[in-house]
Amino acid sequence: MVCPYCQARLDIAVPEAGSPRHDYLAYAGQPHTAVAQLPAFNLTCSNCGSAQHQSAIAARCPSCRSPLIVSDDLGGQLKSPDGVLPLAVDKDKAALCFREWTSSRWFAPSALKKISRTASMNGSYLPHWGFDDRTTTDYTGQRGDHYYTTETYTTQENGQAVTNTRQVQHTRWSHAEGRVSRDFVDVLAPGVSTPDADLLEKLGPWSTASATGYQPEYLAGFDSPRYDLDADAGFASAKRDMASVIQEDCRADIGGDEQRVAQMSTTDQDVLFRLLLLPLWIATYIAGGKTFDVFVNANTGEVIGQRPYSAVKIVAAVVAVLAAITAGYLIYHATR
């Protein structure tokens, strides 16, 4: 930790135990209060003494902007983080990623490309569930093997009937069934509903191998919302992602030229999970009087964001394409 005023440094010890994983079935079998029903945290700012109420596990005091970090698990009803993915992209590099992103947007207003800085750039750690799963899947389906027949056809050339042959592809389908196995490690599922899952997926992938054990001090100066999607919702999301990979395994096992997977029955074994905090920079900029948000993956530098479009440039592009098509048509018919 570095003081922004006097630059004093305080080393934070990395937990020796690392980022632990837990038995998911044992955790899921315990009674839990729905996350939406959990109360807010009651805090007293250590700097200005003001009383604060917040649901985030890390934020800033609205009175003096000092960090507010929560270590309360609400009597065991709230799952504590198990690990933190370190920042690989600092604030300066995130700002550079933002500038490169704004300067490379197609059909964007010219003013956007001139934006060199954001109105704000805030760091955040978003909770994600990570699941390990040893899967075994029994499947049924069909294998398609291509074969070819020779077909005779007749065409007209210079007023004369000409007979030719060609190869026609067919597919011979046969029943297929079998069993495939795959071990998954840290299949991630968002623990928050905002930003939405599609945006977070586009920001990935995240390299979770470097995750360290959790220390509350890591969150000082950053925002970190409390998860609002519980582990059960996370596992359901992770299983959907795993199912698409397993289906490709089934296709590879079936072989042939084409495959149809009719049914899959997957058994989960040794399911482990952990709650990880993944780093993100959230940049806000103003263009055309409107506010837009851009998200920078602080692990990889990937940038996804909102952007304005220039109606003038889009219309000009459409006109140019239509003009090119028209010119090509006229040249084609002029040379015939």
Side-chain angles (χ1 to χ4, degrees), residues 24 106-107 128-190 196-209 232-273 300 302 304 317-318 321-322 324-329 331-333 335-336:
Y24 171 70
W106 283 49
F107 301 120
H128 280 66
W129 302 101
F131 294 91
D132 299 352
D133 193 356
R134 294 178 56 199
T135 65
T136 302
T137 301
D138 295 312
Y139 69 84
T140 59
Q142 290 181 302
R143 169 179 172 140
D145 293 292
H146 293 164
Y147 67 96
Y148 297 85
T149 59
T150 301
E151 179 181 83
T152 301
Y153 66 99
T154 302
T155 60
Q156 292 291 324
E157 295 183 7
N158 299 321
Q160 300 293 322
V162 178
T163 300
N164 294 301
T165 61
R166 60 189 171 197
Q167 294 292 102
V168 179
Q169 177 184 295
H170 306 274
T171 304
R172 181 180 293 108
W173 292 99
S174 59
H175 176 76
E177 61 181 67
R179 172 175 293 180
V180 296
S181 299
R182 178 176 283 268
D183 294 347
F184 292 92
V185 177
D186 267 340
V187 178
L188 294 176
D196 63 61
D198 289 340
L199 185 146
L200 292 175
E201 183 177 0
K202 293 176 182 177
L203 273 174
W206 307 78
S207 178
T208 59
D232 290 344
F235 189 49
S237 175
K239 281 184 67 68
R240 288 192 292 270
D241 291 339
M242 288 186 277
S244 62
V245 176
I246 293 172
Q247 186 176 65
E248 292 305 310
D249 289 345
C250 294
R251 292 183 181 278
D253 194 59
I254 290 173
D257 300 305
E258 297 181 48
Q259 306 83 31
R260 294 172 178 167
V261 179
Q263 187 174 14
M264 299 190 307
S265 177
T266 299
T267 301
D268 304 296
Q269 292 180 302
D270 301 330
V271 181
L272 302 176
F273 82 109
T300 65
E302 180 69 28
I304 297 292
V318 172
V321 171
L322 292 176
I325 293 174
T326 302
Y329 176 83
I331 292 172
Y332 173 77
H333 283 279
T335 57
R336 290 192 64 182

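Just the heavy atoms: all of them, side chains too, but no hydrogens, waters or symmetry mates, feed the values below.
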When every non-hydrogen atom of Thr208 is compared with those of Leu188, the smallest separation belongs to CG2-CD1, 3.9 Å

Does one side chain, of Thr150 or Gln167, offer a donor that lies under 3.5 Å from an acceptor on the other? yes

Side-chain (Asp132) to main-chain (Asp186) donor-acceptor, under 3.5 angstrom: yes

Please report the closest heavy-atom contact between Asp145 and Gly256, naming both atoms and the distance. OD1-CA, 3.6 Å

Short question: side chain of Asp196, backbone of Asp198 - any donor-acceptor pair under 3.5 Å? yes

Between Val168 and His170, the two heavy atoms sitting closest are O-CD2, 3.3 Å

Any chance CD of Gln263 has more than 12 other-residue heavy atoms, nucleotides or ligands included, within less than 6.0 Å? no

Partner of Gln142 under side chain to side chain contact (heavy atoms under 4.5 Å, CB included), chosen from His175, Glu258, Arg260, Gln259: Arg260

Kindly give the heavy-atom pair with the smallest separation between Pro205 and Thr300, and that separation in Å. O-CG2, 3.5 Å

Strictly distance-based, threshold 3.5 Å: is any side-chain N or O of Asp249 a donor or acceptor partner for the main-chain N or O of Val180? no

Can you tell me how far CD1 of Ile246 sits from CD of Glu248, rounded to the nearest 0.5 angstrom? 11.5 Å

Heavy-atom pair of closest approach, residues Ala161 and Thr154: CB-CG2, 3.9 Å

Straight-line distance of Asp268 CG to Arg134 CZ, nearest 0.5 Å: 11.5 Å

Counting the benzene-type ring for Trp, do Phe235 and Phe273 have ring centres under 6.0 Å apart? no

Any side-chain donor paired with an acceptor under 3.5 Å for Asp253 and Tyr139? yes

Please tell me if the side chains of Asp257 and Thr171 come closer than 4.5 Å, counting only heavy atoms from C-beta onward. no

Let me confirm one number: the OG1-CD distance from Thr140 to Glu177, rounded to the nearest 0.5 Å. 7.5 Å

Could you give me the CA-CA distance, side-chain angles and deciding distance for Thr266 and Met242, then say whether side-chain contact (heavy atoms from CB on, under 4.5 Å) is met? CA-CA 10 Å; Thr266 299; Met242 288 186 277; over 6 Å; no

Measure from the side-chain N and O atoms of Arg143 to the backbone N and O of Ile254, and report whether any donor-acceptor pair falls under 3.5 Å. yes

Only one of Thr136, Asp133, Thr137, Val245 forms a side chain to side chain contact (heavy atoms under 4.5 Å, CB included) with Arg182, so which one is it? Val245

Looking at the rings of Phe184 and Phe131, which for Trp means the six-membered one, are their centres under 6.0 Å apart? no

Heavy-atom closest pair, residues Ala189 and Gly234: CB-O, 3.2 Å

